[in-house]
Amino acid sequence: MMTNPITDQKPVMLRVMEKKTENTGFATLFFEYSLPFRPGRFIMVWIPGLDEKPYTISLHDQDRFAVTIEAKGIFSKKALTLEKGDLIGIRGPFGNGFEIKPGQSAAVVAGGCGMAPLATLADHLPDITTFIHGARSKEFILFPGRFSVPREFCTDDGSLGHKGLVTDLLEKNIVLGKHFDMVYACGPEIMMYKVFELCETHGIPCQVSLERYMRCGFGVCGACVCGKQVVCKDGPVFHSRDLRKMKDFNTKALLKSGKEVDLSQYFSWRCQ
Amino acid sequence: MMTNPITDQKPVMLRVMEKKTENTGFATLFFEYSLPFRPGRFIMVWIPGLDEKPYTISLHDQDRFAVTIEAKGIFSKKALTLEKGDLIGIRGPFGNGFEIKPGQSAAVVAGGCGMAPLATLADHLPDITTFIHGARSKEFILFPGRFSVPREFCTDDGSLGHKGLVTDLLEKNIVLGKHFDMVYACGPEIMMYKVFELCETHGIPCQVSLERYMRCGFGVCGACVCGKQVVCKDGPVFHSRDLRKMKDFNTKALLKSGKEVDLSQYFSWRCQ
Amino acid sequence: MSIRFLHKILKNPTVLASGILGNSKDILERVHENGCGLMTLKSIGPEPRDGHKNPTVIDLGCGMINAVGLPSPGYLNMENEWEALENRNFPIIASVYGSSIDEYRKVAEYVSSKKPDFIEINISCPNSEKHGMIFGINRESSRDVVSAVKKVISVPLIVKLTPQAPDIADIARTCEDAGADAICAINTLGPGMVIDIESKRPVLSFKKGGLSGPMIKPVAVRCVFDIYKAVSIPIIGLGGITTGEDAVEMVMAGASLVGIGTAVRYRGIEVFQKVAGEMDDWLADHALSLTDIKGAAHNE
Amino acid sequence: MSIRFLHKILKNPTVLASGILGNSKDILERVHENGCGLMTLKSIGPEPRDGHKNPTVIDLGCGMINAVGLPSPGYLNMENEWEALENRNFPIIASVYGSSIDEYRKVAEYVSSKKPDFIEINISCPNSEKHGMIFGINRESSRDVVSAVKKVISVPLIVKLTPQAPDIADIARTCEDAGADAICAINTLGPGMVIDIESKRPVLSFKKGGLSGPMIKPVAVRCVFDIYKAVSIPIIGLGGITTGEDAVEMVMAGASLVGIGTAVRYRGIEVFQKVAGEMDDWLADHALSLTDIKGAAHNE
Ligand SMILES: Cc1cc2nc3c(=O)[nH]c(=O)nc-3n(C[C@H](O)[C@H](O)[C@H](O)COP(=O)(O)OP(=O)(O)OC[C@H]3O[C@@H](n4cnc5c(N)ncnc54)[C@H](O)[C@@H]3O)c2cc1C
Ligand SMILES: Cc1cc2nc3c(=O)[nH]c(=O)nc-3n(C[C@H](O)[C@H](O)[C@H](O)COP(=O)(O)OP(=O)(O)OC[C@H]3O[C@@H](n4cnc5c(N)ncnc54)[C@H](O)[C@@H]3O)c2cc1C
Ligand SMILES: Cc1cc2nc3c(=O)[nH]c(=O)nc-3n(C[C@H](O)[C@H](O)[C@H](O)COP(=O)(O)O)c2cc1C
Ligand SMILES: Cc1cc2nc3c(=O)[nH]c(=O)nc-3n(C[C@H](O)[C@H](O)[C@H](O)COP(=O)(O)O)c2cc1C
Ligand code: FES
Ligand code: FES
């Protein structure tokens with residue numbers, strides 16, 4: 001089957017080329033297709049008859065790309081029942097992606113499924129000096145053996161590495177005198193906020209990747225706004241210089257209805 | 001005023017840059033604009049509130065082009081009242097244009113206003129060995145002094161050159177042993193038909209430029225069909241190999257209503 | 001990909017849209033040679049009409065706008081054309097318009113005597129103040145014109161609908177009940193208007209015109225989808241079809257045949273064989289037949 | 001290019017279309033900072049609604065198709081938003097929808113108490129089986145909803161119309177007679193449908209959706225042209241406006257202000273200052289004012 005080019009216009013159906021179960025409740029779907037790519041960008045994944053949701057590109061090389069999905073609600077659970085050869089609709093990529101400057105010494109801080117966008121960053125970034133990954137427990141650690149840079153782990157239950165938060169490890173590194181030109185973080189919003197605060201305290205710029213409910217993916221419908229920012233278009237990656245002005249960062253988000261609510265209320269029905 | 005690019009889509013208004021009265025009832029309107037050009041192509045000229053008609057490009061150089069219009073009906077008469085600075089709508093160019101092979105020895109045969117498309121051909125064609133121009137009388141000879149190749153003239157009233165038809169002159173040249181690889185002709189359809197017949201008799205290929213009532217200019221509406229040919233798109237220039245199969249050539253044309261009539265009836269309301 | 005449409009076997013499901021390339025036998029023959037399965041003539045009216053002054057047809061990039069103004073020699077002035085068409089080796093639809101039920105009946109009855117394979121009544125043309133449009137947006141007038149024409153013709157009747165109808169499915173159902181043998185949808189959309197801002201004037205001499213081509217495809221697909229749910233007679237789906245994939249989409253919405261008009265602009269007269277070939281290829285690639293995919297978008 | 005619109009002076013004639021970028025003060029403020037003269041809020045309804053499942057908004061190249069499904073927190077659940085908007089330094093239109101006259105009245109009355117600069121009633125949304133559309137295609141229902149709402153609000157009333165009305169000028173005139181202070185035209189066109197042929201399913205979860213963007217501009221211009229002839233209240237013209245030239249065209253058709261929605265996709269939030277700047281430049285080049293060109297396409 002010849003595939004039409006994937007664009008940010010109407011979805012194009014692609015066959016799952018391979019499916020890899022990462023660990024409890026996570027799987028990676030591979031597609032044979034070369035997307036125009038930058039780490040941190042995302043695609044909209046459509047399961048006809050069900051729904052369409054944004055997913056970060058978690059792997060990208062010459063002739064394939066992948067998304068890594070955590071089973072949460074109806075959609076992601078259904079996505080994980082897909083098998084090799086099944087068709088899925090894709091449009092994109094969307095969003096800005098991470099800002100990368102060669103030669104910068106960088107820390108990468110991933111929480112749970114927040115590993116997905118950071119994985120391609122780590123694949124592409126030459127100068128990671130610290131790579132921190134936190135998860136609920138050992139079984140939830142993504143992509144073992146993938147990266148050349150070793151990760152420092154932490155888990156909620158202490159089953160692997162430090163028992164505690166990724167910010168503990170980041171702070172330790174900073175306090176121990178390690179120099180970072182940039183910190184990249186993705187995970188639960190509260191975690192990203194804590195990373196941001198820590199970075200501000202120590203005068204280190206950071207970039208985090210936000211998540212909001214999305215419809216269009218290209219900055220028109222307003223579903224994903226966060227203060228003055230349009231997450232799908234201006235983001236999903238935001239730099240410290242933006243975050244300082246984003247009073248809704250870690251405080252507010254819009255429900256599907258457009259209702260503005262506290263983040264806790266928002267995440268009570270959204271993933272995490 | 002910045003001008004939008006002229007295309008074969010909606011008309012773009014251009015200012016008349018210069019107007020040159022050629023002689024009794026003829027004028028050339030110049031425009032400062034560089035069109036993608038081939039001799040024999042035409043544009044649609046729109047006078048807002050009045051009508052839109054096809055005109056051949058009668059001059060083309062680096063940064064300007066021109067149309068040469070003969071005052072006939074309401075439209076062309078109105079066009080000739082336009083002055084420098086007036087706005088006129090233009091879309092195009094349309095049509096195929098003449099087929100030109102370098103190194104071919106060519107005869108060019110123009111009748112009246114049929115000089116217009118042949119003028120740019122003569123400007124571009126290096127190897128004209130015979131250039132014949134017929135007109136009603138001396139005052140109707142177009143573009144004096146323009147061409148490097150001298151013209152052989154003929155007039156209906158004998159006021160300049162041979163008294164008689166362009167085909168007389170063409171035949172004389174052939175009979176005298178002049179060799180032509182190609183004959184290019186434009187003028188009244190009956191004249192072009194006679195040129196074609198003469199060429200067929202002597203085994204010389206020819207190209208003629210036909211005229212039909214036109215609407216779209218790009219081969220959709222069918223106003224201009226001539227047998228199996230769509231004059232605006234497949235033509236207006238047709239080669240002997242087409243003409244042989246075109247049983248409507250010099251016999252039939254469609255009126256505005258789409259009614260198929262004899263050419264004489266057609267031209268009783270069309271120019272010439 | 002030969003296919004049966006009512007009483008006729010066609011070489012493929014492509015149809016030349018009415019108003020494209022005209023009525024003379026030669027050009028229709030060329031369209032047929034270029035792979036078209038069924039040729040519709042330009043709509044024929046009761047009186048000779050020159051149509052509007054130019055500009056009448058303008059390309060807009062993702063489609064066209066036109067207000068040709070229903071030029072027609074008038075149904076009584078086409079003897080040459082009918083004579084030539086008598087010896088045709090291809091199937092045709094003769095399209096008919098009028099401004100009253102009487103005119104439709106009169107023209108259709110005469111045209112029927114010339115034995116086209118089908119007669120289509122254009123109750124949807126937006127280009128003329130007086131003609132057509134009114135019939136296609138109203139249930140009663142649609143019914144009356146269809147039953148009047150049906151009584152006087154001896155070939156199957158196709159009714160061509162306008163997307164301006166507030167409920168096109170309802171009109172289609174009404175036409176079916178009144179005796180239509182097939183539906184053709186859609187005619188041009190709109191009307192629209194394009195103003196030239198330098199001259200401050202509408203570009204079309206008639207000011208308003210109908211939209212066609214790729215930009216109307218979503219509306220055409222929706223109309224065919226709605227009509228398919230409402231009727232059991234076959235549908236000729238058209239509006240923006242340019243590629244085999246577009247044609248497949250239209251069939252999935254419910255079309256039996258696919259009309260092509262504006263795409264002649266973008267892909268030449270060869271568009272018919274190209275689209276038919278692309279449909280074939282797509283079906284072969286997917287190991288499906290036309291029947292398999294007809295109306296497939298209606299499955300849950 | 002500051003301009004008076006009813007009782008308000010706006011910095012320029014550009015208007016953010018309803019449903020684009022939403023209702024929160026911050027984002028509207030950003031739109032204003034990016035050069036927009038008047039910001040319309042996403043339509044507010046009687047009940048909380050999540051809208052349809054995705055896909056809801058798809059780009060088609062020469063425009064978009066959407067069936068967002070009128071998501072709304074519900075008019076009683078927006079206290080945060082209203083509170084924030086109280087201290088705004090920019091003018092807004094609050095857009096309201098309902099599925100009955102009572103709902104329109106109830107929501108509009110409440111919204112009026114929050115003192116937006118204008119209230120717009122969306123009697124034209126095609127995205128929901130139940131809501132809106134029906135009002136805008138019918139003369140009686142348009143009249144009734146306009147006069148009902150007019151009675152209970154204390155800010156000027158704008159009525160947003162649908163191009164699906166068989167005679168939009170007639171609806172506009174009816175609305176004017178019923179007390180509308182301005183007309184907004186047009187809402188999305190269609191509806192349309194896009195089918196994915198591989199999965200054989202309509203791409204939008206709601207199947208059908210409204211078309212917007214460049215491909216609907218000719219219809220929008222024609223509607224504004226028709227309405228301008230029929231009414232004397234001002235018109236907000238929108239549908240496909242992407243450049244200053246598009247805006248000038250819409251003004252020549254008869255618009256007083258120009259709405260921008262889909263073009264945010266093609267030119268970013270900066271589209272407002274870009275379009276306003278391009279309009280200014282065009283007018284300066286031609287030594288004309290907005291007033292000079294308003295309705296200019298109507299001159300013979
Ligand atoms: C830019 C971006 C990138 C992303 N990248 C990834 C990625 O790489 N990997 C990944 O796994 N996810 C990613 N996500 C998140 C992803 O889009 C989905 O939100 C996630 O997969 C959950 O979707 P779901 O439909 O399965 O869950 P949902 O259906 O949204 O369900 C989540 C939880 O909330 C509940 N719930 C759902 N709807 C409601 C409701 N209306 N009211 C109350 N409760 C409700 C469900 O029952 C479930 O427990 C990304 C999001 C964004 C914005
Ligand atoms: C490809 C192409 C290239 C052309 N190039 C040129 C060119 O370079 N220069 C040029 O001068 N012309 C050219 N023409 C011809 C041109 O398009 C016009 O046809 C010509 O200018 C006459 O137009 P008009 O409107 O002035 O005359 P028309 O209005 O067509 O009138 C011509 C004559 O017919 C009469 N008439 C008009 N309409 C009717 C009717 N319905 N019934 C009865 N009588 C009627 C008029 O009164 C007048 O006497 C070209 C045509 C084609 C197709
Ligand atoms: C120039 C032009 C002329 C047309 N004339 C007619 C006509 O005479 N009768 C008719 O029923 N439809 C007419 N139509 C409508 C087409 O048949 C067709 O319904 C419409 O263009 C949509 O199809 P398309 O997008 O493939 O062009 C015309 C369309 C165009 C572009
Ligand atoms: C995603 C989207 C959502 C919309 N939501 C609304 C809405 O809630 N209320 C409304 O009156 N119009 C809504 N519209 C219609 C627009 O306001 C506008 O009328 C239409 O899109 C045409 O303008 P445009 O071509 O500039 O986008 C919406 C349009 C889009 C594209
Ligand atoms: S998802 Fe529509 S604006 Fe971000
Ligand atoms: S002018 Fe329309 S086909 Fe030639």
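Side chains are part of it too, since the values below use all heavy atoms of this structure and drop only hydrogens, waters and symmetry mates.
Among A:V12, A:L50, A:D248, the residue with the largest count of heavy-atom pairs under 4.5 Å with chain D is A:L50. Among A:K233, A:R91, A:K252, the residue making the largest number of heavy-atom pairs under 4.5 Å with chain D is A:R91. The most heavy-atom pairs under 4.5 Å with chain D, out of A:G217, A:C221, A:G89, A:A223, come from A:C221.
Closest approach of D:S199 to A:P48, counting heavy atoms only: CB-CG, 3.6 Å. In terms of heavy-atom proximity, D:E33 sits nearest to A:K228 at OE2-NZ, 2.7 Å. Of all heavy-atom pairs spanning A:G219 and D:L21, the tightest one is O-CD2, 3.6 Å. The two residues D:I58 and A:P11 come nearest to each other via the heavy atoms CD1-CD, 3.8 Å.
Going from atom CG of A:L87 over to atom CG of D:D196 covers 8.5 Å, rounded to the nearest 0.5 Å. Distance CD1/A:I47 to CZ/D:R201: 11.5 Å, rounded to 0.5 Å. Expressed to the nearest 0.5 Å, how far CD of D:E47 lies from OG of A:S257 amounts to 12.0 Å.
Residue A:K78 places its NZ atom among 12 or fewer non-hydrogen atoms of other residues, nucleotides or ligands, all under 6.0 Å distant. Annotation: D:E83, atom CD; neighbour count of heavy atoms from other residues, nucleotides and ligands within 6.0 Å does not exceed 12.
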Requested in this report: Evaluate the criterion side-chain contact (heavy atoms from CB on, under 4.5 Å) for residue pair A:V230 and D:R30; output intermediate values, then yes/no.
Outcome: CA-CA 10 Å; A:V230 181; D:R30 177 163 166 206; 4.2 Å; yes
Query - Chi angles and distances behind the side-chain contact (heavy atoms from CB on, under 4.5 Å) call for A:F218, D:M64 - result: CA-CA 11 Å; A:F218 44 67; D:M64 305 190 324; 3.5 Å; yes
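One finds no salt bridge joining D:D26 and A:K245 here, because no Lys/Arg side-chain nitrogen approaches an Asp/Glu carboxylate oxygen to under 4.0 Å.
With a threshold of 4.5 angstrom between heavy atoms, D:P55 approaches chain A through its backbone and through its side chain. Contacts of D:N77 with chain A are made by both backbone and side-chain atoms, with heavy-atom separations under 4.5 Å. Heavy-atom distances place no part of D:I65 under 4.5 Å from chain A, backbone and side chain included. Proximity to chain A (any heavy atom under 4.5 Å) is shown, for D:D50, by both the backbone and the side chain.
Here the side chain of A:K10 pairs no donor or acceptor atom with the backbone of D:V194 at under 3.5 angstrom. Side-chain N or O atoms of D:R265 include none that pairs as donor or acceptor with a backbone N or O of A:V220 at under 3.5 Å. Checking side-chain atoms of A:D51 against main-chain N and O of D:N54 turns up a donor-acceptor pair under 3.5 Å.
Under the 4.5 Å side-chain criterion, counting only non-hydrogen atoms from C-beta, A:E260 is in contact with D:S24.
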